[in-house]
> 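Quick one: this structure, given as structure tokens, is what I'll be asking you about.
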Amino acid sequence: MMDQVRWGMIGCGNVTEVKSGPAFSEIAGSSLVAVMRRDGEKARDYAARHGVPKWYADADALIGDPEVNAVYIATPPDSHAEYTCKAAVAGKPVYVEKPMARTYAECEQMIAACKQAGVPLFVAYYRRRLPLYLKVKELVGSGAVGEVRFVSIRLTRPPSPEDFDREHLPWRVQPEIAGGGYFYDLGAHQLDFLDYVFGPVVSVQGQAANQAGLYPAEDLVCGTFTFASGVVGSGVWCFTTSEQDRIDRTEIVGSKGKIVYATFEAEPLRVETDEGVQEYRFEAPAHIQQPLIQTVVDELLGRGSCPSTGVTGARTTWVMESLVSGRKEL
């Protein structure tokens with residue numbers, strides 16, 4: 001238990017500019033005291049712009065800094081396991097970006113390292129604390145649509161211009177870095193939140209394909225999955241459709257109606273029953289990860305708990321890996 005959380009951040013990419021980085025110093029009992037990027041000049045620039053006292057070009061130096069007592073890993077997934085294990089050996093709690101790692105085996109390695117060191121491990125599945133998603137969880141729990149029968153996810157969108165640049169492909173579509181393609185980056189949020197609502201997935205049947213051949217990763221994933229609670233889910237994720245077929249829709253269908261929401265588009269949450277339709281609109285916080293980071297800080301200071309841990313984060317990676325590879329059961 002700490003009296004002040006002094007964060008060291010490894011990685012200074014886009015996700016840290018607004019979504020996460022500034023939030024660490026906005027929370028009582030928490031501050032961002034050091035940042036690291038392999039390009040030292042970019043690390044220095046980030047520190048200067050965000051008022052961070054120290055910067056490093058070496059991750060080991062940041063982890064070894066005695067002033068740093070917790071580590072935020074904001075690099076691509078290929079280094080998550082390495083940096084998590086190093087921070088654990090140094091006795092420092094870890095908050096790691098999503099997806100937790102490239103593979104379920106790497107997730108298990110991270111969990112084991114933190115368990116052996118006696119330090120907590122948290123994963124940045126921040127939708128678990130955003131108002132829209134808390135409302136969805138509340139609606140399900142209150143029986144607003146009766147007993148839940150099934151969940152359906154559909155996420156389709158056209159390729160991005162950079163997907164056509166074979167010499168400079170985004171790291172998110174390079175499996176050796178990301179673990180998979182856009183499914184691992186975006187579908188992770190959707191599946192993790194459903195784990196939060198319905199509990200662990202216990203069986204999966206899926207298939208994946210690279211239909212357009214724009215990059216090495218899969219561009220289509222589809223499949224079904226069953227939660228321990230008995231709720232059945234299905235999903236289709238395709239990242240090479242036309243613009244007119246851009247869809248972001250999750251439906252939770254119950255015995256008395258359904259809940260409909262978008263994960264990435266700014267659309268209202270809808271509850272549709274025989275009595276009519278209700279809509280709910282929510283504003284995202286300025287720093288979208290701040291509500292979840294608040295729970296991380298609360299746990300480290302002994303005044304609460306965080307709902308997104310290494311154990312829950314690993315479950316999501318297992319589901320994604322299972323959908324891409326075929327069929328698996330716990």
Side-chain angles (χ1 to χ4, degrees), residues 1-37 46-54 62 68-75 80 83-84 87 92-100 119-138 185-186 188-190 192-193 195-197 261-267 269 280-310 312-313 316:
M1 193 176 300
M2 305 172 177
D3 56 8
Q4 179 79 19
V5 187
R6 300 184 301 275
W7 292 96
M9 183 172 79
I10 301 176
C12 301
N14 288 340
V15 70
T16 70
E17 289 289 347
V18 177
K19 288 184 175 182
S20 61
F24 291 100
S25 295
E26 293 286 331
I27 296 168
S30 172
S31 59
L32 182 60
V33 300
V35 297
M36 173 270 166
R37 190 164 181 169
Y46 186 98
R49 288 186 292 106
H50 290 275
V52 181
K54 299 180 183 181
L62 180 140
V68 171
N69 63 4
V71 177
Y72 168 42
I73 300 170
T75 58
H80 286 184
Y83 290 146
T84 295
K92 300 182 180 183
V94 174
Y95 176 63
V96 64
E97 268 302 327
K98 46 62 57 183
M100 182 175 164
V119 297
L121 173 59
F122 310 100
V123 185
Y125 282 115
Y126 55 84
R127 280 173 171 78
R128 289 183 175 229
R129 295 309 300 169
L130 291 181
L132 184 149
Y133 299 92
L134 291 176
K135 186 63 177 180
V136 171
K137 187 171 171 61
E138 174 196 314
D185 184 46
L186 302 176
H189 277 298
Q190 298 170 309
D192 179 80
F193 174 65
D195 176 286
Y196 189 42
V197 176
Y261 62 92
T263 306
F264 305 103
E265 303 296 330
E267 297 179 6
L269 165 64
Y280 303 87
R281 294 182 180 272
F282 300 90
E283 291 291 328
H287 309 301
I288 203 163
Q289 291 197 27
Q290 186 165 338
L292 183 67
I293 294 171
Q294 177 74 64
T295 69
V296 173
V297 171
D298 287 345
E299 181 164 335
L300 295 177
L301 296 179
R303 62 192 188 197
S305 63
C306 175
S308 184
T309 67
T312 63
T316 294

> Tell me if a side-chain donor or acceptor on Lys98 pairs with a main-chain N or O of Ala188 at a distance below 3.5 Å.
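No, Lys98 side chain to Ala188 backbone: no donor-acceptor pair under 3.5 Å.
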> Say you draw a straight line from CD1 of Ile10 to OG1 of Thr16; how long is it, rounded to the nearest 0.5 Å?
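The CD1 atom of Ile10 sits 12.5 Å away from the OG1 atom of Thr16.
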> In terms of relative ring orientation, are Tyr261 and Phe193 parallel, tilted or perpendicular, with 30° and 60° separating the classes?
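Perpendicular, since the angle between the ring planes exceeds 60°.
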> Yes or no on side-chain contact (heavy atoms from CB on, under 4.5 Å) for Val136 and Leu269, after CA distance, side-chain angles and deciding distance?
CA-CA 8 Å; Val136 171; Leu269 165 64; 3.7 Å; yes
> Using side-chain heavy atoms (C-beta onward) and a distance below 4.5 Å, is Gln294 in contact with Arg129?
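Not in contact.
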> Charged N to carboxylate O below 4.0 Å: is that the case for Arg49 and Glu17?
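Yes, Arg49 and Glu17 are salt-bridged.
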> Below 4.5 Å, heavy atoms only, C-beta onward: do Glu26 and Gln290 meet side chain to side chain?
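Yes, their side chains come closer than 4.5 Å.
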> Determine, stepwise, if the pair Ile288 / Leu130 fulfils side-chain contact (heavy atoms from CB on, under 4.5 Å).
CA-CA 8 Å; Ile288 203 163; Leu130 291 181; 3.9 Å; yes
> Just checking Lys92: does its NZ atom have more than 12 heavy atoms from other residues, nucleotides or ligands closer to it than 6.0 angstrom?
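Buried by this count: over 12 neighbours within 6.0 Å.
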> With a sphere of 6.0 Å drawn around CZ of Arg303, does it hold more than 12 non-hydrogen atoms of other residues, nucleotides or ligands?
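It does: Arg303 CZ has more than 12 such atoms within range.
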> Crowded around Glu138 CD? As in, over 12 foreign heavy atoms under 6.0 Å?
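Enclosed.
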> By the definition side chain to side chain donor-acceptor pair (under 3.5 Å), identify the one residue from Tyr95, Tyr126, Tyr125 that meets it with Gln289.
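Considering Tyr95, Tyr126, Tyr125, a side chain to side chain donor-acceptor pair (under 3.5 Å) with Gln289 is found only for Tyr95.
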> Side chains of Trp7 and Ser31: is there a donor and an acceptor less than 3.5 Å apart?
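Note: Trp7 and Ser31 side chains miss the donor-acceptor criterion.
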> Cationic tip of Lys137 within the cone over Tyr196's six-membered ring, i.e. under 6.0 Å and within 45° of the normal?
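Verdict for Tyr196: a cation-pi partner in Lys137.
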> Does the side chain of Pro93 reach to within under 4.5 Å of the side chain of Met2, using non-hydrogen atoms?
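Pro93 vs Met2: side chains touch.
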> I would like to know whether Cys306 and Phe122 meet side-chain contact (heavy atoms from CB on, under 4.5 Å); could you show each step before the answer?
CA-CA 8 Å; Cys306 175; Phe122 310 100; 3.6 Å; yes
> Under the side-chain contact (heavy atoms from CB on, under 4.5 Å) rule, what do Glu97 and His80 come out as? Steps first, then yes or no, please.
CA-CA 8 Å; Glu97 268 302 327; His80 286 184; 4.0 Å; yes
> Can you find a heavy atom in the side chain of Gln190 that is under 4.5 Å from one in the side chain of Phe264?
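Contact flag for Gln190/Phe264 side chains = yes.
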> Got a salt bridge between Asp192 and Arg128, using NZ or NE/NH1/NH2 to carboxylate O under 4.0 Å?
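Salt bridge between Asp192 and Arg128, a charged N being under 4.0 Å from a carboxylate O: yes.
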> Does Val52 reach the side chain of Val33, with side-chain heavy atoms less than 4.5 Å apart?
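Result no, sub-4.5 Å side-chain heavy-atom pair not found.
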